[in-house]
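Structure record follows, encoded as structure tokens.
This structure is a prediction, so every number in the text was calculated from the model and none was measured. Each chain gets a letter, A, B and so on, in the order its sequence line appears, and its residues count up from 1.
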Amino acid sequence: MAHLILPNLRRSLSSPKSIGIIQTAAYHANVIDHYENPRNVGSLDKKDKNVGTGLVGAPACGDVMKLQIKVDENGKIIDAKFKTFGCGSAIASSSLATEWVKGKTVDEALKLKNTDIAKELSLPPVKLHCSMLAEDAIKAALSDYRIKQQDKNE
Amino acid sequence: MFRIIYNITHSYLNKTINRILQQENIIVMVLPGNRKISNRADNDKFSLKHEEIGRPLYFDAQATTPLDPRVLDAMLPYLVSYHGNPHSRTHTYGWESEAAVEKAREQVAHLIGADPKEIIFTSGATESNNISVKGVARFYAPRKKHIVTTQIEHKCVLDSCRALEGEGFKVTYLPVGPNGIINLQELEEALTPETSLVSVMTVNNEIGVKQPIAEIGAICKKKKVFFHTDAAQALGKIALDVNAMNIDLMSISGHKIYGPKGIGALFIRRRPRVRVEPIQSGGGQERGMRSGTVPTPLVVGLGAACEIAEREMKYDHAWVEKLSQRFLDKIYSKLTHVIRNGDLEQSYPGCLNLSFAYVEGESLLMALKDVALSSGSACTSASLEPSYVLRAIGTDEDLAHSSIRFGLGRFTTMDEVDYTAEKTIKHVERLREMSPLWEMVQEGVDIKTIKWSQH
């Protein structure tokens with residue numbers, strides 16, 4: 001039996017194009033990867049002046065995201081953490097969001113779009129709200145950070 | 001069992017393939033392409049490592065059940081040798097098939113205490129429900145244009161009622177209490193001289209709640225209203241007697257009782273006679289109520305499944321109850337904030353609908369991918385609406401999003417229950433660690449007081 005499969009095997013490995021992915025569920029591999037190996041799970045001290053916290057969504061809708069960023073004196077995001085109640089796509093979207101904002105400046109992070117997240121994770125239309133929620137979470141965290149900074153300056 | 005080797009390289013492949021080729025009957029599966037298997041998780045606590053993937057354990061006995069091998073044994077001769085049409089009257093092939101169908105009719109009738117003449121074969125419980133609800137309502141339409149049902153019926157009953165509403169019928173959808181059981185007084189008050197039919201399911205498919213069928217039957221008899229019950233989930237699992245319970249019509253499904261898919265039956269009382277307008281026109285088989293050739297092998301399978309169910313009902317029930325208790329004990333011993341949906345006493349033990357608060361149902365299913373389960377969570381369906389049954393029993397929306405149904409059956413083993421319970425506990429704990437709601441609860445914040453942004 002192994003003999004029969006072998007030629008196909010070689011071809012698929014040497015071919016630059018992949019011959020279709022065997023999926024374990026209806027999810028894209030990137031969603032599964034982020035779900036199974038979530039990056040940056042956890043919490044930062046929300047009382048810290050340099051930490052911005054965004055909490056978006058609602059339990060009744062089945063999605064709640066908490067995203068936190070820590071910004072240094074130069075306006076650069078040095079750390080990001082998330083916690084999410086929601087489906088696999090919601091967890092993957094927030095995990096990806098934390099990964100992307102890390103190392104960016106506050107202004108750069110504001111430019112992140114939900115469409116980029118949706119594209120990276122190949123979210124189906126019914127799950128697009130997960131990526132929008134992730135964008136909202138970033139925006140909410142950034143605005144919380146701004147308010148805290150203004151209070152400090154006054 | 002497959003072993004999946006990640007990040008395979010050419011040199012590694014050549015080496016292993018040489019080794020593999022020396023063995024026989026090996027299937028090599030390569031997952032090609034761009035799956036980035038990352039070791040990038042910064043925290044091992046949240047990382048899942050799936051090395052082996054086999055066939056998942058089956059915990060979805062309410063969706064369907066596997067065919068009992070004894071049922072298959074009964075069916076096989078009628079698939080191959082005795083292939084006659086049971087309605088052929090002119091030769092042996094027809095006669096022997098007819099005899100087999102009549103034997104199956106007796107087996108089905110015996111299980112529910114009915115007369116064999118009162119059983120007609122259909123394609124399944126959906127068709128039986130359609131014939132009962134639409135058939136009775138339409139036949140008695142000149143005098144009576146009102147039917148009563150509940151909010152937690154199966155979709156096919158509710159949809160039939162919707163169709164009737166379009167034809168000008170009035171339908172009362174009875175609410176259920178937080179335990180999922182209807183109020184008998186409300187039922188009695190809903191009945192009017194216009195009412196032709198009451199349709200209440202015996203055991204609910206989502207939450208496993210048993211309705212007080214005998215009491216409902218008595219009320220219907222007193223008020224001279226026909227009583228239909230959808231017993232697809234109850235038949236063969238709990239004792240049912242159509243005469244003691246005053247049931248006039250009963251829907252039966254083959255594949256919920258370890259029989260074949262695509263076959264069902266309808267009990268329809270002869271004394272006093274219940275009349276229905278047939279849905280399907282044709283050769284007038286099954287006393288004119290369901291035209292179409294009766295599928296002999298499937299009917300034989302349904303009959304065999306009913307006979308086995310009757311013989312082993314006590315044993316099966318005790319086994320399922322034992323497994324169910326063991327599962328719940330394990331879950332409750334390790335996890336808090338777990339809510340069982342539906343009445344704790346008046347329900348079938350093989351259907352456990354649990355809400356794990358602060359964990360979303362679909363994400364839990366994704367972690368439990370080696371167990372085949374079903375969820376009341378919205379995210380598993382395309383509609384984004386959580387289950388209407390959970391909403392009818394007044395479950396909070398966030399808890400409805402957290403619900404998972406564990407379906408136990410005749411072939412579920414103790415080891416499977418232990419494995420699933422342990423896996424569930426592990427993953428609920430992991431997902432709660434990742435949940436902002438759980439964190440707030442630990443900090444003593446009342447989630448109900450927070451103003452959430454809707455999206």
Side-chain angles (χ1 to χ4, degrees), chain A residues 1-3 5-6 8-10 12-15 17-25 27 29-43 55-67 82-91 95 99 126-127 129-130 132-133 136 140, chain B residues 8 10 13 17 20-21 23-43 45-50 53 358-363 365-367 369 377-380 382 384 386 396-398 400-401 431 433-439 447 450 452-455:
Chain A
M1 197 175 264
H3 285 278
I5 291 173
L6 195 61
N8 281 335
L9 243 172
R10 286 243 171 83
S12 70
L13 280 169
S14 55
S15 146
K17 267 188 280 173
S18 67
I19 52 151
I21 304 151
I22 301 166
Q23 291 190 333
T24 44
Y27 299 102
N30 289 351
V31 175
I32 294 175
D33 182 30
H34 273 281
Y35 176 77
E36 292 185 352
N37 300 293
R39 283 51 129 182
N40 309 312
V41 182
S43 291
L55 183 67
V56 295
C61 304
D63 301 284
V64 177
M65 276 183 200
K66 189 190 77 169
L67 195 143
F82 83 94
K83 280 200 174 188
T84 292
F85 162 85
C87 62
S89 306
I91 290 174
S95 167
E99 206 177 35
V126 72
K127 299 285 185 190
H129 67 276
C130 296
M132 294 178 203
L133 206 59
D136 289 351
Chain B
I8 200 160
H10 268 270
L13 184 71
I17 280 192
I20 285 166
L21 283 178
Q23 303 165 23
E24 295 226 335
N25 292 328
I26 292 277
I27 299 172
V28 184
M29 256 171 79
V30 170
L31 304 177
N34 49 15
R35 175 159 180 194
K36 287 171 266 172
I37 302 302
S38 72
N39 300 310
R40 289 180 289 169
D42 50 352
N43 191 338
K45 198 169 109 188
F46 296 107
S47 188
L48 301 177
K49 295 209 168 56
H50 288 287
I53 303 166
Y358 318 119
V359 173
E360 210 273 336
E362 193 216 10
S363 63
L365 284 191
M366 212 170 152
K369 65 181 173 191
S377 156
C379 288
T380 50
L384 288 185
D396 284 341
E397 286 212 37
D398 51 331
H401 282 288
L431 288 165
E433 286 286 308
M434 286 169 67
S435 166
L437 303 176
W438 180 247
E439 187 182 60
I447 289 170
I450 296 177
W452 296 99
S453 63
Q454 302 284 329
H455 62 98

For [X] against [Y], the heavy-atom pair lying closest together:
X        : Y        : value
B:Ile447 : A:Pro59  : CG2-CG, 4.0 Å
A:Phe85  : B:Glu360 : CE1-N, 3.4 Å
A:Lys127 : B:Glu362 : NZ-OE1, 3.2 Å
B:Ser435 : A:Lys83  : O-CD, 3.9 Å

- prompt: At what distance, to the nearest 0.5 angstrom, does SG of A:Cys61 lie from NE2 of B:His401?
  reply: 6.5 Å
query: How far does OG1 of A:Thr84 sit from CG of B:Leu437, to the nearest 0.5 angstrom?
result: 10.0 Å
task: Using the side-chain contact (heavy atoms from CB on, under 4.5 Å) rule, take B:Met366 and A:Ile91 through it: C-alpha gap first, then chi angles, then the decisive distance, then the call.
output: CA-CA 11 Å; B:Met366 212 170 152; A:Ile91 290 174; over 6 Å; no
message: Tell me which of these, A:Gly88, A:Ser95, A:Gly86, has more heavy-atom pairs under 4.5 Å with chain B than the rest.
response: A:Gly86
- prompt: Which residue out of B:Ile450, B:Asp398, B:Leu431 racks up the most heavy-atom pairs below 4.5 Å with chain A?
  reply: B:Asp398
